[in-house]
2 protein chains.
Amino acid sequence: MPIYNAPLKDMQFILQDVFKAETFWQENHNLAHLDMATANAILEEMAKFSKNVILDLNRSADEEGGAEFNQGEVKTPRGFKKAFQQFAQGGWIGLGANEAWGGQGMPKMLTVLADEMIWSCNPSFMLYPLLTVGAGMAIDQAASEEQKATYLPKFYTGEWSGTMCLTEPHAGTDLGMIKTKAVPNSDGSYDISGTKIFITSGEHDLSENIIHLVLAKTPDAPAGSRGISLFIVPKFLINQDGSLGERNTVSAGSIEHKMGIKGSATCVMNFDAAQGYLVGKENEGLAAMFIMMNYERLSMGIQGIGASEFAYQNAAQYASDRLQGRSATSQQSPDKPADSILVHADVRRMLLNSRANNEASRAFAVYVGQQLDITKFSTDVECVRKANERVALLTPIAKAYLTDKALDSALEAQMCFGGHGYIREWGMEQCIRDLRISQIYEGTNGIQALDLIGRKTIKSNGAFIADYLTEIREFANTMQDSMSIKTVTLDVCVEVDEITKMIIEQAKASPDFPSAVAVDYLHVVGLLSFTYMFARIAQAAQSKSDTFYQNKLVLAQYYVAKVLPDLAARIQRIQAGADLIMQLPENYFTAQA
Amino acid sequence: MPIYNAPLKDMQFILQDVFKAETFWQENHNLAHLDMATANAILEEMAKFSKNVILDLNRSADEEGGAEFNQGEVKTPRGFKKAFQQFAQGGWIGLGANEAWGGQGMPKMLTVLADEMIWSCNPSFMLYPLLTVGAGMAIDQAASEEQKATYLPKFYTGEWSGTMCLTEPHAGTDLGMIKTKAVPNSDGSYDISGTKIFITSGEHDLSENIIHLVLAKTPDAPAGSRGISLFIVPKFLINQDGSLGERNTVSAGSIEHKMGIKGSATCVMNFDAAQGYLVGKENEGLAAMFIMMNYERLSMGIQGIGASEFAYQNAAQYASDRLQGRSATSQQSPDKPADSILVHADVRRMLLNSRANNEASRAFAVYVGQQLDITKFSTDVECVRKANERVALLTPIAKAYLTDKALDSALEAQMCFGGHGYIREWGMEQCIRDLRISQIYEGTNGIQALDLIGRKTIKSNGAFIADYLTEIREFANTMQDSMSIKTVTLDVCVEVDEITKMIIEQAKASPDFPSAVAVDYLHVVGLLSFTYMFARIAQAAQSKSDTFYQNKLVLAQYYVAKVLPDLAARIQRIQAGADLIMQLPENYFTAQA
């Protein structure tokens, strides 16, 4: 059976040594009640829950075929209901949510670490509370006080759950094309009619009610994305006294058969003049939904870290146990028939790629979490503005770069198992299947890359990335010259600055240029970000003599030597531009050769 | 439902225009009966069989759960038996096999193309005849005339099938550790006892007998890999008159539950004093088995091409049909609600990466096939020697580089579908699951890389790669200076030559160095090989004005601009060496953080 032990010491190192969490919390009035002892206790509790309650349910859910659909009802996998109740009773659903409505108000830089553990142990399970948390956030920020009071407390007790209903069969990335209609009734409610697909947790048996957040168009709405409104559509209508009323005319038509995350019910939802309630104003639904989308996008990055950490731990354990062949230098275990495969440099290379990825990714998630905390908790207007820009810039990196790298990492971990990695028994093949969706949903990684290069970089004329580079340079300049990663970091800043300017310039002349180089640019900024994270890790570790810290310095050097070289290739590709991509006619792609 | 149309025109272009197949066949006495008309007829027939018979069975086999195991018996998926009979009756099993024993004697440069189509349409199905063909080849080259006469004709009619039994629970890569015993009987036969795992087609219902080729150790055998012998162990013993006798004491204990290729039965085989017959001499079994292994290794590369081509075709069709968003330059389909996603440079980038990979891979497979044909059919001793060296050098590239690139390509194709790529309906998620094994089995890609850098490069003191570089340079020098790929090719040769010399030098001082850089070096030689293939493709296309040929030149330029930049990164990583990888202690990898 797969193993998992939460990397608590690494997590605490990142929080406390790298990002000085306690000082940060003390400096922010609204977080001053939090200290590292409390944070550690929370992480330790989650470590137990993840390992003891949901880890084993991950494999059984997959083997038993996942969520089951039968005549509009969805049965979640064996054990999910009890685990979900335990999760809700532990207060985990609202861990980062508004205390005014029953949440625990914990900062994001802490909750990303708790979330990582759940993602490591059971991604299908994680998706049930995740959508509730996202829906709660959208309601908290965009809905009326009455709506908040109605829905949010029920979310955080786990009595009700949430969904986000965006995609339609013909409209995914291009939400301006949605056809779901919202016709106003005389009582202020709307009749919602249409079909939504790929609705995570659209129907299930974990909560007594399901609250759908639905994008739809009113009869006179402007065309395209400016004419989209957001509605609350409960599965069961809610009586004046808060009790559940009659069943609304929304139902699941089927669930998808997927590559992975089989325990998560991905539903086709049919709205047949279902009663809905406007959130905020008409035609402003997309902005409200994007509050939720951005939250989910960071979560997908955490899914990546969780899977990659799980894959690493299992691969390292397998490699340590598996005896095969002999060391190239000297026999390590002469008393055994062979050495452990950890003696082979190629096996170590795969594990170190994975480990370097996990540690940089985790630091990056905490870093973005801290920026989100500044936007939420700081009272300094200029700090909030800057943090908002930083979050806007880095959300596509958190979603797409972290999940791209996580798949690479998990694939290398799977390879450490040889043929055993391909069979169900060791859990690696499920890990890969479950992880793959993180690159696809909540806006494909290609779409994230377009967001980064277009809206976040070209549209700001490079201002967001310039600010980020300034921060990184300032940090690097605080490092001692004897640390090799200082120079590397400053060099990478120069390269990123130059290629960004080149992109902004080229985009003026060639409208296809940004799309042609977007994914490569995403990886450039990702490589920059991981370099920055390793600089911060190295800075935090360098003064400490304990092996734990000294090994962080080795891993940082490994990153520079063996991972960062990808930067040169990415920059070369960007320089090659769009022309060769666009010059072939459309029928070239499909014409039968 | 997934589509597939064999890329016949591309295949014919590679055979005839790039590799001058007809001239080559005319020049080789033993192939002089073959012309392009016959070759084309064979490819066209296989195109029909693949598309019409086995394509649909691929998805149903996966959906129905694959091969079924019940008390030692294996039931293959619905439709496989009929399709296999049709396949056998068409003479396809022995297409490339010795005519003396009922094969068709077709050259490898042709059969790789026929094989690609089967791999595209149904990899699980392909594995049943594949192992038979491999076993046939090992028997043809290493067994006695009597053994050949007994087994080979039955293989090529499909009446009997073959397996290769190497791996044991504790011995995969390190075959020297196998424990299966072969105790000689007085009649010249042996009693074979032991357990073998991961045995493809170890048990099934497609043929009336199954002939296992089994590695085992005789009682007095030397330790390690020098003490391994090869045995034929039939499922049913064979009477003097060739009819089937009693059941031998070999049986399947279970089948594996795998990530993909579920229609292929992967068996645990238990040998309980089963009657076996020595092939060749005692203790020379590994060499005989490697005849088969090398054949399979090239086949795994073809599996990669097949999957990648299938993924490309489906992604291109989906992208052409899917309307979403608008072109960055101008609206392409103003009469429709959106443009096809083929207008987006990022979608084209993914498709072109896939297509460039497929065309270079296919050319490379035909090139290696031609080298194999030289070793088999040429009467020129020096040509045969050189071709043998070339095949030895390039087999790890064919196996590992082609499958690494195929996974990249198929993942990009899957991404073109957005969420639809993750659900069963479109066939992409199955394609990825089925493809992944190609990087793992028949020696993981890491093992292939070690073979390339160790046995093939360092051991020959760089002689094999130097010869290959000479051939490539000589070819490039026949190109006109106006072709940009000429200079690129010559430059790549210089880089590969330099890094190879550096590796050979470093390996003397640091025994771990080769393993640390092996996978990067594999990709360096892979990139060199694809550059060479595109040089040959460009040379064949450049004088023709038809769009089909001119587009080949654009794709070659795309390869140089967008794929080849990976070379710089790979070389940087090699230069970074092994020290950072080896300096961490073993317990670093598993110690709980």
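First the proteins, then the strands, lettered A, B, ... as listed; each starts at 1. Since we're looking at a predicted model, the values are computed, not measured.
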Among A/Gln583, A/Gln575, A/Met350, A/Met582, the residue with the most heavy-atom pairs under 4.5 Å to chain B is A/Met582

With rounding to the nearest 0.5 Å, note down the distance linking NZ in A/Lys262 to CG in A/Asp434.
9.0 Å

More than 12 heavy atoms of other groups within 6.0 Å of B/Asp579 CG
no

Measure the spacing between CD1 of A/Ile423 and CE of A/Met428 and express it to the nearest 0.5 Å.
12.5 Å

Which region of B/Ile197, side chain (C-beta onward) or backbone (N, CA, C, O), has a non-hydrogen atom less than 4.5 Å from a non-hydrogen atom of chain A, or is it both or neither?
side chain

Which of B/Leu450, B/Asn445, B/Val517, B/Val343 touches chain A most, by non-hydrogen pairs under 4.5 Å:
B/Val343

Ranking A/Glu429, A/Gln557, A/Gln439 by heavy-atom pairs under 4.5 Å to chain B gives rank one to A/Glu429

What closest approach, in Å, do B/Ala561 and B/Pro565 show between heavy atoms, and which atom pair accounts for it?
O-CG, 3.3 Å

For each of A/Val554, A/Val563, A/Ile341, tally heavy-atom pairs with chain B at distances under 4.5 Å, and name the one with the top tally.
A/Val554

Quick one: closest heavy-atom pair of A/Ser354 and A/Tyr312, and the distance?
OG-CB, 3.4 Å

B/Asn353 and B/Tyr558, any side-chain heavy atoms less than 4.5 Å apart:
yes

Does any heavy atom of chain A fall under 4.5 Å from the side chain of B/Leu555, the backbone, both, or neither of them?
side chain

Under 4.5 Å to a heavy atom of chain B? For A/Tyr441 that would be neither

What closest approach, in Å, do A/Phe198 and A/Thr167 show between heavy atoms, and which atom pair accounts for it?
CD1-CG2, 4.2 Å

Roughly how far, to the nearest 0.5 Å, is CD1 of A/Ile571 from CD1 of A/Ile574?
6.5 Å

Taking every non-hydrogen pair under 4.5 Å, which of B/Leu580, B/Thr444, B/Ile581 racks up the most with chain A?
B/Ile581

Check whether any side-chain heavy atom of B/Leu411 lies under 4.5 Å from a side-chain heavy atom of A/Arg436, and answer yes or no.
yes

Side chain, backbone, both or neither: which part of A/Ala516 has an atom under 4.5 Å from a heavy atom of chain B?
both

Quick one: are B/Arg424 and B/Gln430 in side-chain contact, heavy atoms under 4.5 Å?
no

Side chain, backbone, both or neither: which part of A/His170 has an atom under 4.5 Å from a heavy atom of chain B?
backbone

Just how far is it from atom CD of B/Gln324 to atom NE2 of B/His344, taken to the nearest 0.5 Å?
7.5 Å

Closest heavy-atom contact between A/Gly443 and A/Gln448?
O-NE2, 3.1 Å

Below 4.5 Å, heavy-atom pairs only: which of B/Asn551, B/Asp566, B/Leu351 has the largest tally toward chain A?
B/Asn551

What option among B/Ser510, B/Ser515, B/Ser320 has the most heavy-atom pairs under 4.5 Å with chain A?
B/Ser515

With chain B as the partner, which of A/Ile440, A/Thr329, A/Ile261, A/Leu584 has the greatest number of non-hydrogen pairs under 4.5 Å?
A/Leu584

Greatest number of non-hydrogen atom pairs under 4.5 angstrom with chain A, of B/Gly577, B/Ala319, B/Pro585, falls to B/Gly577

Measure B/Leu407 against the heavy atoms of chain A and call it side chain, backbone, both or neither at under 4.5 Å.
side chain

To the nearest 0.5 Å, what is the distance between CZ on B/Arg433 and CG on B/Asp62?
4.0 Å

Can you say whether A/Leu567 sits under 4.5 Å from chain B via the side chain, the backbone, both, or neither, judging by heavy atoms?
neither

Among A/Arg326, A/Glu256, A/Lys562, A/Arg349, which residue forms the greatest number of heavy-atom pairs with chain B at distances under 4.5 Å?
A/Lys562

Can you name the nearest heavy-atom pair linking B/Ile447 to B/Thr173, along with the distance?
CD1-CG2, 3.3 Å

Checking heavy atoms, do the side chain of A/Met177, its backbone, both or neither come under 4.5 Å from chain B?
side chain

Separation between OH of B/Tyr588 and CD of A/Gln550, rounded to the nearest 0.5 Å:
12.5 Å

Name the region of B/Val560, side chain, backbone, both or neither, that has any atom closer than 4.5 Å to a heavy atom of chain A.
neither

Below 4.5 Å from any heavy atom of chain B, which atoms of A/Val347 appear? Answer side chain, backbone, both or neither.
neither

Of the listed residues (A/Gly325, A/Ala568, A/Ala449), which shares the most heavy-atom pairs with chain B below a 4.5 Å separation?
A/Gly325

Is it the backbone or the side chain of A/Thr547 that comes under 4.5 Å from a heavy atom of chain B, or both, or neither?
neither

Once you measure the plane-to-plane angle for B/Tyr318 and B/His420, does it fall in the parallel (<30°), tilted (30-60°) or perpendicular (>60°) bin?
tilted

Is A/Arg570 close to chain B through its backbone or its side chain, or both, or neither, when contacts mean heavy atoms under 4.5 Å?
neither

Heavy-atom contact with chain B under 4.5 Å, split by part of A/Phe513
neither

So which of B/Met11, B/Lys258, B/Met259 has the largest heavy-atom pair count under 4.5 angstrom toward chain A?
B/Met259

Which bit of B/Phe13 comes within less than 4.5 Å of chain A, counting heavy atoms only: side chain, backbone, both or neither?
neither

Would you mind checking which part of A/Gln332 comes under 4.5 Å of any heavy atom in chain B, side chain (CB onward), backbone (N, CA, C, O), both or neither?
side chain

